[in-house]
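Each remark here refers to the structure printed beneath this line.
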Amino acid sequence: MKMVVASWRRCVVMSLRLLLFLLPAGLPVRSQGESQSDNKQMDNITIRQGETLFLSCLQGDFVTHTAWLNRSSILYAGEDKWSVDPRVSLVTLNQDEFTIKIEDVDLTDEGQYICAVQTSSRPRTTSVHIIVQVPPKIVNLSKDLVVNEGSNVTLMCLANGKPEPAIVWRMIPSSDDSLGSDNEVLEIPFISRDKAGVYECTAANDIAVDTQTVELIVNFPPSISDGRDVGVTLGQRGVLLCEADAVPEADFEWYRDDRRIFNGFDGIEIEDDGALSKLTFFNVSEADYGNYSCVATNKLGSANTSIVLYVQDGNSGTSTVFTPTCLLLIVLLHLLLKF
């Protein structure tokens, strides 16, 4: 490898000497110089993509020819522009300085640049290596996902940039460190409902940060909170509540014993609002007291709970639960007392 680089450098120097002697004189000769060539390596220049680059070399006295080269291409020879790139222009050319400008620098501009100067007796070259830094950009990100609880989930985030960006995954917001990753891939095995949400991928290097998000939806079957029995005085309004946690949202059904209740049935109203279903009695009668069932269903399963509507004594504040059998005994007892 070293032999190849040395051969390339010798080739460049020889080409420069030939070029400089073929070019017309750009500046007048003042006096004799030394007889040996002088090659100088400048410190690397680091610039960000999109910025403007200025390349300068000092001329000094006794200069006859000048040129700026990018690798094997001639950018400027004296005042003559050889490059067809409209971003390249001449800024200064005099006996003290030779400066060109490259606007909107891109990654393709990275590499070695050489300023070649011919004095009256010897060529002199100054070389500098340009390093172009590129801000990170996420170029491949997993799409929003809908999965079933218990599935294995893999999220991918790929980014370009120079220096190479570091990738970080995290759930937002989350206090669980296990939901993050310092890698392009985030693995979530046997995902549970509490790990549904928004996941953020951040790509960062010394230049900037790029951030994008993925939404992860986890489907799971309904789970119903334990129903609360409700006491209502005869003739008053009563409401039974049924709440189910499910994704997708559950559909609700209400039953009295084995008989399904429909909206508007015997003056009863059923109102579903997201995770909550309400069964409303506007004028509770003795026939309304008893046991009711709420069933919540989605495509992954179902759940149910039982709720008792019982009689509440409006005077004493005490309550009594009347099942259908109990109501029948009360009616019989009432009839017996008449005889």
Side-chain angles (χ1 to χ4, degrees), residues 1 43-53 104-112 129-226 243-251 273-276 296-303:
M1 182 65 181
D43 293 336
N44 293 344
I45 295 177
T46 300
I47 188 170
R48 296 185 180 184
Q49 185 184 44
E51 294 183 343
T52 298
L53 173 66
D104 193 21
V105 170
D106 202 355
L107 194 59
T108 55
D109 297 314
E110 187 171 86
Q112 188 176 43
H129 192 85
I130 305 302
I131 299 173
V132 178
Q133 293 182 325
V134 181
K137 181 175 179 59
I138 296 174
V139 294
N140 190 355
L141 184 72
S142 294
K143 303 296 183 182
D144 293 344
L145 288 177
V146 179
V147 298
N148 292 339
E149 191 171 37
S151 301
N152 296 325
V153 176
T154 300
L155 299 180
M156 176 73 70
C157 180
L158 301 178
N160 293 335
K162 187 178 180 183
E164 183 177 352
I167 304 295
V168 175
W169 275 104
R170 70 185 185 98
M171 184 180 180
I172 52 174
S174 175
S175 58
D176 187 352
D177 294 337
S178 68
L179 297 181
S181 172
D182 296 334
N183 204 319
E184 295 174 342
V185 177
L186 174 62
E187 300 278 359
I188 310 175
F190 306 107
I191 192 166
S192 57
R193 64 193 69 181
D194 61 298
K195 294 181 181 179
V198 177
Y199 288 78
E200 178 185 79
C201 173
T202 300
N205 62 12
D206 297 337
I207 312 304
V209 175
D210 188 21
T211 300
Q212 294 189 33
T213 58
V214 175
E215 184 177 8
L216 185 57
I217 298 173
V218 179
N219 291 333
F220 56 91
S223 58
I224 294 184
S225 305
D226 290 337
E243 187 172 5
D245 187 20
V247 176
E249 287 184 345
D251 295 320
D273 185 12
L276 183 65
T297 306
N298 69 6
K299 63 182 182 180
L300 297 181
S302 63

Practice prompt. Establish, from distance only, whether the side-chain atoms of Asp106 and Gln49 form a donor-acceptor pair under 3.5 Å.
Written response: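 A pair is found: one side chain offers a donor N or O, the other an acceptor, under 3.5 Å apart.
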
Are any non-hydrogen side-chain atoms of [X] and [Y] less than 4.5 angstrom apart?
X: Lys195; Y: Leu216; result: no
X: Gln112; Y: His129; result: yes
X: Pro135; Y: Asp210; result: no
X: Val153; Y: Val218; result: no
X: Ile138; Y: Cys157; result: yes
X: Arg193; Y: Val247; result: no

For the residue pair [X] and [Y], what are the closest heavy atoms and their distance?
X: Met171; Y: Gly197; result: CE-CA, 4.1 Å
X: Pro222; Y: Ala303; result: O-CB, 3.6 Å
X: Trp169; Y: Glu184; result: NE1-O, 3.2 Å
X: Lys143; Y: Val214; result: O-CG1, 3.5 Å
X: Asp104; Y: Gly50; result: OD1-CA, 3.4 Å
X: Gly274; Y: Glu249; result: CA-OE2, 3.6 Å

Near [X] [atom1], under 6.0 Å, is it more than 12 heavy atoms from other residues, nucleotides or ligands?
X: Asp43; atom1: CG; answer: no
X: Asn44; atom1: CG; answer: yes
X: Glu164; atom1: CD; answer: no

Could you tell me the separation between the [atom1] atom of [X] and the [atom2] atom of [Y], rounded to the nearest 0.5 Å?
X: Ile191; Y: Ser151; atom1: CD1; atom2: OG; result: 8.0 Å
X: Asn140; Y: Cys201; atom1: CG; atom2: SG; result: 10.0 Å
X: Arg170; Y: Leu186; atom1: CZ; atom2: CG; result: 12.5 Å
X: Leu53; Y: Thr46; atom1: CG; atom2: OG1; result: 11.0 Å

Worksheet item: With sequence neighbours left out, which residue pairs that include part of residues 152-161 fulfil the side chain to side chain donor-acceptor pair (under 3.5 Å) condition?
Response: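 Residue pairs passing side chain to side chain donor-acceptor pair (under 3.5 Å), neighbours aside: Thr154-Glu187.
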
Item to complete: Evaluate side chain to side chain contact (heavy atoms under 4.5 Å, CB included) for Asn205 paired with Gln133, printing each intermediate quantity in order.
Response: CA-CA 10 Å; Asn205 62 12; Gln133 293 182 325; over 6 Å; no

Practice prompt. Report the C-alpha distance between Val198 and Glu200 in whole Å, list the side-chain angles of each, state the deciding distance to 0.1 Å, and finish with yes or no for side chain to side chain contact (heavy atoms under 4.5 Å, CB included).
Written response: CA-CA 7 Å; Val198 177; Glu200 178 185 79; 5.7 Å; no

Fill in: Derivation of the side chain to side chain contact (heavy atoms under 4.5 Å, CB included) call for Asp109 and Ile130
CA-CA 8 Å; Asp109 297 314; Ile130 305 302; 5.9 Å; no

I'd like to know if the side chain of [X] reaches the main chain of [Y], judged simply by a donor and an acceptor atom lying under 3.5 Å from each other, with no hydrogens or angles considered.
X: Asp144; Y: Glu215; result: yes
X: Asn298; Y: Phe220; result: yes
X: Thr202; Y: Thr211; result: no

Worksheet item: Which residues satisfy the side-chain hydrogen bond (donor to acceptor under 3.5 Å, both in side chains) test with Glu243, sequence neighbours excluded?
Response: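 Residues passing side-chain hydrogen bond (donor to acceptor under 3.5 Å, both in side chains) with Glu243: none at all.
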
Fill in: Steps toward side-chain hydrogen bond (donor to acceptor under 3.5 Å, both in side chains) verdict (Asn183, Ser181)
CA-CA 5 Å; Asn183 204 319; Ser181 172; 5.2 Å; no

Worksheet item: Would Leu155 and Leu145 satisfy side chain to side chain contact (heavy atoms under 4.5 Å, CB included), going step by step from the backbone distance to the final call?
Response: CA-CA 9 Å; Leu155 299 180; Leu145 288 177; 3.7 Å; yes

